[in-house]
Amino acid sequence: MSYSKETDGKWQKKWAETGLYKYDPNAEGKKLYCLEMFSYPSGAKLHLGHWYNYSLTDSWSRMKRMQGYNVFHPMGFDSFGLPAENYAIKTGIHPKDSTLKNIDTMEQQLRAMGTTVDWDYEIKTCMPDYYKWNQWFFIELYKKGLAYRKNAPVNWCPSCKTVLANEQVVDGACERCGSEVVRKNMTQWFFKITDYAQELLDDLPKLDWPEKTKKLQTNWIGRSEGAQVALYVEKDGKRLENEDGTPVKLEVFTTRVDTFMGITYVVIAPESELCEKLTTDDCREAVEEYKKATAKVSEIERMSTTREKTGVFTGAYAIHPLNGRKVPIWAADYVVAGYGTGVVMAVPSHDERDFDFAHKYGLDIIRVIQSEKSVDDELPYCEKKGYLTNSGEFDGMEMHDAQKAIVAKLAEMDMGKWKVNFRLRDWLISRQRYWGTPIPMIHCPKCGVVPVPEDQLPVELPYDVEFTPDGESPLAKCESFMNCKCPECGGDARRDPDTMDTFVDSSWYQFRYCDNKNESEMFSREKIDKLCPVDKYVGGAEHACMHLLYARFFTKAMRDMGLLDFDEPFTSLVHQGVILGSDGQKMSKSKGNTVAPDEYIDKYGSDVFRTYLAFGFAYTEGGPWSDSGLQAIVKFFRRIEAMIPDAAKAASGVPADLTKDDKELNYAINYTIKSATNDIERFQFNTPVARLMELLNAISKYQQTEGAKPELYRKAVETLLLVLAPFAPHFTEELWCDALGNGYSIFNQKWPECDESALVKDEIEIAVQINGKVQFKVNIPATADQDAVEAIVKADSRLEGALAGRNIVKFIYVKGRLANIVAK
RNA sequence: GGGGGCGUGGCGGAAUGGCAGACGCAGCAGACUCAAAAUCUGCCGACCUUAAAUCGUGCGGGUUCAAGUCCCGCCGCCCCCACCA
């Protein structure tokens with residue numbers, strides 16, 4: 001019988017019946033928690049990317065199982081989210097119905113893949129038994145002051161009267177109706193991730209994560225050291241004061257406090273509340289006009305330095321605390337409200353953006369830094385070195401000394417201090433959507449914002465809701481949901497109409513797997529202590545800054561609440577690459593370049609497909625899809641099958657006396673074991689398959705030699721099967737158990753170990769180079785030291801010709817590799 | 001705009017700073033066959049009739065006995081940027 005998809009079904013059934021992959025917490029072996037990022041059931045089926053991620057991580061965990069680890073390998077579905085809701089709006093099929101149906105299909109497909117997933121630990125985030133704990137944890141964060149409300153902008157379509165996701169905004173217009181999208185402020189919930197900014201940064205070095213991912217997070221957190229300094233404000237000719245009579249301070253953050261004496265204007269983000277307060281009546285109309293215009297521009301565009309800067313004078317002035325200079329306050333959209341204080345001090349002489357802006361609007365430019373004393377550089381001069389000028393008492397100081405002096409002086413006046421600022425912003429979690437976890441908060445006219453009491457959780461998401469967009473959050477229109485009693489005063493109150501960002505679900509699911517049926521706790525401390533943190537986490541690199549940062553934040557917050565006792569959720573992380581369409585473009589239905597795995601599984605079986613995915617790509621790189629290599633795997637399998645009848649004739653073993661041919665095969669066996677084990681360990685899957693093909697070639701060659709020993713032949717074939725097993729579990733199980741008559745199951749066998757003595761060769765060939773260029777090759781004893789090799793090389797008749805009259809200056813021998821002669 | 005990555009034969013891709021192109025696909029030639037398919041064997045970076053030599057990892061510099069690999073500067077392509085998950 002040759003391998004086909006029937007083989008898959010046969011063994012999947014047996015594995016299930018015998019519970020081969022059931023996780024037993026008390027089993028022998030070191031615990032190993034292997035996790036892939038769970039999938040979002042938006043499409044009806046698993047796509048190629050899922051296969052690439054799940055089948056190969058499964059191969060990795062199969063090797064670890066065979067190596068004796070007690071592997072925990074669960075799977076679930078990230079099943080709340082926007083696409084199901086959009087699909088519902090389009091088709092009228094309820095998100096719950098479509099989602100649960102998709103999950104069923106995807107479970108079937110995952111089973112057909114033949115993974116080691118233990119389905120007893122499955123989770124689905126859209127079910128109340130899961131999202132109840134989102135709500136519980138939200139309230140815990142609220143109690144700790146880590147969840148709070150504030151105003152924040154949303155994308156708003158004035159025609160659909162609905163909030164839009166970034167992806168629903170195409171070129172500044174609503175994707176449904178084409179109306180121009182504006183930004184609008186709403187009161188929304190935030191999680192205070194910024195409280196953990198420093199720790200999130202500090203713990204990165206100890207993680208076994210790709211360096212690029214750590215770099216991305218480092219830049220995303222964006223720590224910068226500088227100073228927060230203040231200016232006074234003059235409006236309508238008077239010093240602006242607070243209600244208590246103290247002067248209003250305009251706070252700005254700067255990393256270049258040495259240029260403080262060069263301020264010629266101040267810029268404020270137009271949408272900030274302070275801008276409203278500063279604007280004079282004369283200028284109000286112009287500022288309002290400007291605010292309307294900037295509301296249409298996205299934040300990414302605003303940050304662009306090539307885009308021509310625009311702005312408008314607010315009518316107010318800032319008063320410099322050290323020299324008393326009166327400088328205009330402008331509103332301009334190159335300042336972002338969410339970063340720092342939303343106000344920037346402008347020093348056009350030493351900042352390119354300020355320089356351009358000052359030039360355009362005819363604002364003053366005063367030089368305060370010189371690269372060398374008395375050298376007037378061309379402006380803007382933005383190098384971070386030099387000496388102060390035009391800065392009064394600070395003139396002549398080196399800029400870093402000047403920074404200290406200026407901050408010290410401002411601190412004395414209570415107008416400045418050193419400050420560390422982060423680019424990271426708090427996590428906005430409110431979504432004005434239906435298909436998500438309801439926010440467990442009640443708004444009482446008397447008591448204000450009140451959390452839902454724990455015994456009333458979960459706040460269930462109602463099924464019958466009108467979710468066509470018509471100006472309100474879908475839940476806001478559901479009266480039976482919205483109306484409730486205030487837990488404090490018992491009076492009539494309303495629920496929060498928003499749902500949570502689905503990233504909340506995925507920030508702690510890795511812990512829920514360990515205790516997925518717990519009804520009284522989010523998870524038990526005992527189970528978490530035993531299984532967590534996750535030892536190996538595998539998923540796409542696109543999550544580097546969001547999911548992976550949020551999950552780290554949750555873990556740290558949970559630790560501080562005593563829910564668990566470690567600092568990081570994912571000890572080791574791997575990103576799989578992206579498989580592109582055969583045209584080299586990202587796969588998408590609209591481009592028509594998608595690859596449907598199901599068709600290939602029907603035709604070739606799961607194992608051919610899995611092994612091809614391993615062999616055809618560099619795992620962490622991915623690349624364009626091509627069918628052509630699949631046939632190579634079919635051929636590879638066939639050649640293995642052809643070896644079985646002869647292998648079945650003898651018992652497996654390594655004979656005591658080895659001939660040259662025996663030694664060669666034994667070398668191939670052990671070299672395969674050694675390199676494949678190393679490569680699989682580090683998630684490199686293409687080279688192990690290549691090594692197995694080499695082993696196959698070596699076995700073929702050996703079979704044709706005279707005096708080939710049947711027991712060694714069988715040993716070689718069995719090694720081939722064992723090392724191939726993680727990639728082709730059904731195929732190898734069939735050959736191992738049924739064709740060779742070994743005991744069930746191949747996955748209960750020990751992973752083969754390398755016999756290092758088989759890798760020791762008596763004689764090796766090395767290259768001889770002169771000045772780095774290969775001249776000829778010599779055979780040397782493997783144990784030869786540098787002196788011995790030098791003697792052999794110097795005695796070689798070819799050396800003189802290669803030297804061509806040059807003298808040997810130095811002789812370098814790199815053990816087992818080559819010799820290099822430096823000659824002049 | 002900011003951030004991250006990548007660039008090696010016709011193609012997918014190998015290569016702890018140490019003989020570039022493992023393994024495979026495609027191609028070419030041969031064996032088997034009435035024939036084809038399948039299978040097996042050999043060849044397969046460029047230049048060159050062949051051999052030898054030379055050149056060769058996007059381009060230009062540098063470090064080193066030795067650079068695809070490390071450093072600097074370009075060019076090209078791809079990904080991410082907080083309401084897609």
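Sequence lines set the chain letters: A, B, ... in the order given, protein chains first and strands last, and positions in each chain run from 1.
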Side chains of A:Phe727 and A:Leu613 in contact at under 4.5 Å (non-hydrogen atoms): no
Just wondering, do A:Phe357 and A:Tyr334 contact through their side chains at under 4.5 Å, heavy atoms? yes
Selected nucleotide, minimal atom distance to A:Arg817 side chain, candidates B:C19, B:C83, B:C25: B:C19
Against the side chain of A:Asp78, the closest entry in B:C83, B:C6, B:A85 is B:A85
On a heavy-atom basis, the closest approach of A:Phe80 and A:Thr125 is CE1-O, 3.5 Å
Any base atoms under 4.0 Å from [X], or only sugar-phosphate, or nothing? Heavy atoms, all strands.
X        : result
A:His547 : nothing
A:Val154 : base
A:Trp427 : nothing
A:Gly436 : nothing
A:Glu765 : base
A:Gln432 : base

Syn within 90° of 0, anti beyond: B:G9 is syn
Can a side chain N or O of [X] be found less than 4.0 Å away from OP1 or OP2 on [N]?
X        : N     : result
A:Arg425 : B:A82 : no
A:Asn86  : B:C84 : no
A:Arg638 : B:U39 : yes
A:Lys773 : B:U54 : no

Which word best sums up how the rings of A:Trp427 and A:Phe191 line up, parallel for under 30°, tilted for 30 to 60°, or perpendicular for over 60°? perpendicular
For RNA chain B, whose closest nucleotide is more 5', that of A:Gln585 or that of A:Gly622? A:Gly622
Can the positive tip of A:Lys214 be found less than 6.0 Å from the middle of the six-membered ring of A:Trp209, inside 45° of the ring normal? no
A:Lys761 to A:Tyr667 six-membered ring, cation-pi geometry met (6.0 Å, 45°): yes
Of the options A:Asp498, A:Thr502, A:Thr437, A:Asp501, which is the one that meets A:Arg431 in a side-chain hydrogen bond (donor to acceptor under 3.5 Å, both in side chains)? A:Asp501
Hey, what are the protein-to-nucleotides 65-68 of chain B N/O distances that come in under 3.5 Å?
{"from": "B:C65", "atom 1": "O2'", "to": "A:Asn820", "atom 2": "ND2", "distance (Å)": "3.3"}
{"from": "B:C65", "atom 1": "O2", "to": "A:Asn820", "atom 2": "ND2", "distance (Å)": "2.6"}

